[in-house]
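Presented below is the structure to which this report refers.
Read the numbers this way: they start at 1 and go in the same order the structure lists the ligands and their atoms.
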Amino acid sequence: DRVIELNQLTKHYGSVLAVNGLTFTVRPGQVTGFLGPNGAGKSTTLRMLLGLNTPTSGTAVIDGRPFREFGTGLRHVGALLDANDVHKGRTANAHLAALACSNGLPRRRVQEVLEMVGLGEAGRRRIGGFSLGMRQRLGIAAALLGDPPVLLFDEPVNGLDPEGIRWARELFRRLAGEGRTVFVSSHLMSEMANTADHLIVIGGGRLIADEPVGDFAARA
Ligand code: ADP
Ligand code: ADP
């Protein structure tokens with residue numbers, strides 16, 4: 001269980017082939033990096049996993065099921081896709097409380113996850129006044145609300161300062177150490193070298209490598 005499986009996953013946007021026959025498995029208990037340059041197809045792949053984009057062909061399943069079959073999604077899969085895609089007029093508390101409510105999660109989780117991401121004092125502030133780094137932390141908090149076994153993070157350290165990057169790395173490693181499936185995208189090998197155990201590398205929508213991070217680093 002907790003396994004993410006892609007089988008020949010493919011997505012065309014008109015004539016653009018964004019994702020081209022991706023087949024790979026992401027396992028629990030380790031951090032799996034999803035590495036590729038901008039435009040490689042990482043976000044499109046993660047969006048298909050979350051049921052936010054429909055594949056042209058192929059399948060993406062979590063625990064053997066497509067994401068839309070999970071009733072209260074946040075209990076199974078937590079995701080950070082775009083930290084800026086939030087209602088800026090809301091406070092962090094209101095944003096997380098709405099997510100907790102719509103997912104049937106207890107209100108007390110809001111303060112718990114804010115503290116987990118270092119925003120324990122920022123709950124009453126409006127998201128519009130947050131830096132990108134704070135929005136990334138808030139997005140990570142949202143992903144953690146349901147205490148899910150599977151976590152997807154799309155470029156989560158963009159906008160974080162060096163201290164924040166170290167913090168995020170330790171958090172991802174701790175979540176994986178708890179037996180969760182942690183899948184983290186990045187366009188920077190330097191970032192992944194210190195964060196991931198295993199790497200899935202894509203370019204132009206195609207799989208380039210699927211191996212332990214040390215093996216890839218030794219060849220790169
Ligand atoms: P990455 O996350 O690795 O930067 P994306 O999945 O965002 O890559 O993009 C993969 C390719 O698909 C790029 O060529 C991008 O321009 C294209 N693309 C992404 N989203 C759309 C969209 N909504 N409509 C058309 N093309 C898109
Ligand atoms: P809406 O546009 O209705 O506010 P969202 O874009 O927030 O919906 O969510 C679309 C889908 O993604 C929903 O099924 C929701 O449960 C799921 N979702 C939203 N945020 C997260 C998250 N942080 N982690 C996992 N799933 C999420």
**Item:** Ion pair check, R166 and E163, cut-off under 4.0 Å
**Value:** no

**Request:** Please check if atom CZ in R126 has more than 12 non-hydrogen atoms from other residues, nucleotides or ligands closer than 6.0 Å.
**Result:** no

**Fill in**
Output for ligand 1, non-hydrogen cut-off under 4.0 Å, lists Y13, V16, A18, P37, N38, G39, A40, G41, K42, S43, T44

**Asked** Does atom CZ of R206 have more than 12 heavy-atom neighbours from other groups under 6.0 Å away?
**Response** no

**Message:** Between N84 and R135, is there a side-chain donor-acceptor contact under 3.5 Å, judged purely by atom types and distance?
**Reply:** yes

**Message:** Tell me whether R169 at atom CZ has more than 12 heavy atoms from other residues, nucleotides or ligands lying less than 6.0 Å away.
**Reply:** yes

**Item:** Residue among T195, D197, N194 satisfying side chain to side chain donor-acceptor pair (under 3.5 Å) with R173
**Value:** D197

